[in-house]
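Everything quoted here is computed from the prediction, not taken from an experiment. For the single chain, residues carry numbers from 1 onward in sequence order. In listed order, ligands and their atoms are each counted from 1.
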Amino acid sequence: MSLDWGYTDDNGPSTWAEKYPLAAGARQSPVDIDTSKATSDNSLVDREIDWSYPSNCSYRIVNTGYGWRVDTYGDDTALSGGPLSEVYKLEQFHCHWGATNDEGSEHTVDGKSYAAELHLVHWNSEKYSSFKEAASQPDGLAVLGVFMEIGNADNAELEKIISLIPKIIHKGQDSQASFDLDFGSLLPESKHYWTYLGSLTTPPCNECVIWTVFKEPITISERQLEVFRSLKSVGEEDAIEPEEGKLVKNYRPPLPLGNRVLRECGP
Ligand SMILES: COc1ccc(C[C@H]2SC(=S)NC2=O)c(OC)c1
Ligand SMILES: [Zn+2]
């Protein structure tokens with residue numbers, strides 16, 4: 001069964017606009033962050049970006065066919081400040097990676113790719129009544145982008161997620177888990193970031209995201225990244241060869257920033 005869209009040569013990012021016209025818009029994500037174009041903005045410094053996530057929360061981790069996604073039940077989560085004018089609730093988080101460690105992130109910095117990129121997706125629950133409605137609005141979503149680089153140590157918080165991946169190897173599988181997830185540990189120590197107006201990085205590519213990309217990466221071990229790559233993009237019932245259908249690449253390459261403003265907070 002042929003996928004509507006994906007990351008292979010015949011259904012990858014360069015073909016998306018055929019079925020998803022928004023993919024050809026002028027406010028698309030990701031972008032290459034040209035640090036020489038970033039402008040400082042005191043208003044970002046005055047209203048520090050702030051998040052509060054509960055320590056003990058129940059989660060559902062699912063294999064979307066394009067990667068893993070952890071659905072949170074964002075009741076007592078909040079993201080505010082920085083480029084945001086309202087309070088946003090955490091809806092889900094997920095990750096993008098590549099077949100080798102020299103690619104994998106969606107945003108790049110002066111042309112440099114990281115090995116992976118974590119996306120924490122929030123929606124404007126102050127202005128809109130549902131995530132779905134927010135995803136059709138220009139200020140509907142706020143996504144935190146966190147670069148991941150290879151380090152020697154395992155990332156302890158990610159390990160809690162990685163331990164569940166063997167249960168969701170095939171597309172459509174999910175696992176309910178309630179564990180103490182300290183989101184604060186999934187974010188870098190430094191709150192320095194770049195921010196710009198962009199879009200969903202997969203179809204339907206809605207231009208509804210206020211992006212905040214942290215400057216400091218977190219680390220993940222090679223072993224942990226290999227576990228991500230062991231996920232399959234096909235269901236258990238799809239008869240394919242064992243090595244086929246592995247989710248080794250699920251990132252969209254950068255799109256032009258065009259005449260959008262790229263602001264930064266912190267050196
Ligand atoms: C409303 O329909 C969608 C569709 C896809 C995604 C996931 C994409 S968007 C992103 S950023 N990274 C991704 O992989 C959504 O996430 C909010 C929302
Ligand atoms: Zn994403």
Which heavy atom of T77 sits nearest a heavy atom of P54, and at what distance?
CG2-CD, 3.6 Å
Heavy-atom pairs closer than 4.0 Å: do any link ligand 1 to the side chain of W123, the backbone, both, or neither?
neither
Contact atoms of ligand 1, heavy-atom distance to W211 under 4.0 Å
11 (S)
Are any of the heavy atoms in R69 under 4.0 Å away from ligand 1?
no
Counting each atom of ligand 1 from 1 as listed, which ones have a heavy atom of H96 under 4.0 Å away?
12 (N), 13 (C), 14 (O)
In this structure, does ligand 1 have an atom that sits under 4.0 Å from one of the heavy atoms of Y251?
no
Of all heavy-atom pairs between Y251 and G104, which one has the smallest distance, and what is that distance?
CB-O, 3.3 Å
Side chain to side chain, V146 and F93, heavy atoms closer than 4.5 Å:
no
For the 3.5 Å polar cut-off, considering only N or O atoms, please tell me whether E106 and ligand 1 meet it.
no
N63 and I168 have their tightest heavy-atom pair at ND2-O, 3.0 Å
Assess the residue pair Y196 and H107 against the criterion (ring pair (Phe, Tyr, Trp, His ring centres under 6.0 Å)); give the C-alpha distance rounded to whole Å, side-chain angles, the decisive distance to 0.1 Å, and a yes or no.
CA-CA 12 Å; Y196 75 100; H107 291 90; 5.6 Å; yes
Quick one: does T201 get an N or O within less than 3.5 Å of an N or O on ligand 1?
yes
Charged N-O contact under 4.0 Å between E103 and K249
no
For L200, which part has a heavy atom under 4.0 Å from ligand 1: side chain, backbone, both, or neither?
both
The ring pair (Phe, Tyr, Trp, His ring centres under 6.0 Å) partners of Y128 (sequence neighbours excluded) come to none
Reported CD1-to-CD distance for the pair I169 and E236, which is rounded to 0.5 angstrom
10.0 Å
Taking side-chain contact (heavy atoms from CB on, under 4.5 Å) as the definition, give me every residue that meets it alongside V261, ordered by chain and number, with sequence neighbours left out.
T39, R263
Under 2.8 Å from the Zn ion (ligand 2), protein N/O/S atoms total 3
Between F131 and ligand 1, find which residue part has any heavy-atom pair under 4.0 Å and reply side chain, backbone, both or neither.
side chain
Kindly write out the residues that satisfy side-chain contact (heavy atoms from CB on, under 4.5 Å) with K112, not counting sequence neighbours, or none if the list is empty.
Y114
Could you tell me if K37 sits above the aromatic ring of W194, with its cationic atom closer than 6.0 Å to the ring centre and no more than 45 degrees from the axis?
no
Sub-4.0 Å atoms of ligand 1 with respect to non-hydrogen atoms of V121:
17 (C)
Hey, is ligand 1 close enough to H94 that some N/O pair sits below 3.5 Å?
yes
Region of Q92 that comes within reach of ligand 1 [heavy atoms, distance under 4.0 Å]:
side chain
Sole candidate of H94, E106, R229, H96 that passes side chain to side chain contact (heavy atoms under 4.5 Å, CB included) when paired with N250
H96
Looking at ligand 1, would K132 count as a contact under a 4.0 Å heavy-atom criterion?
no
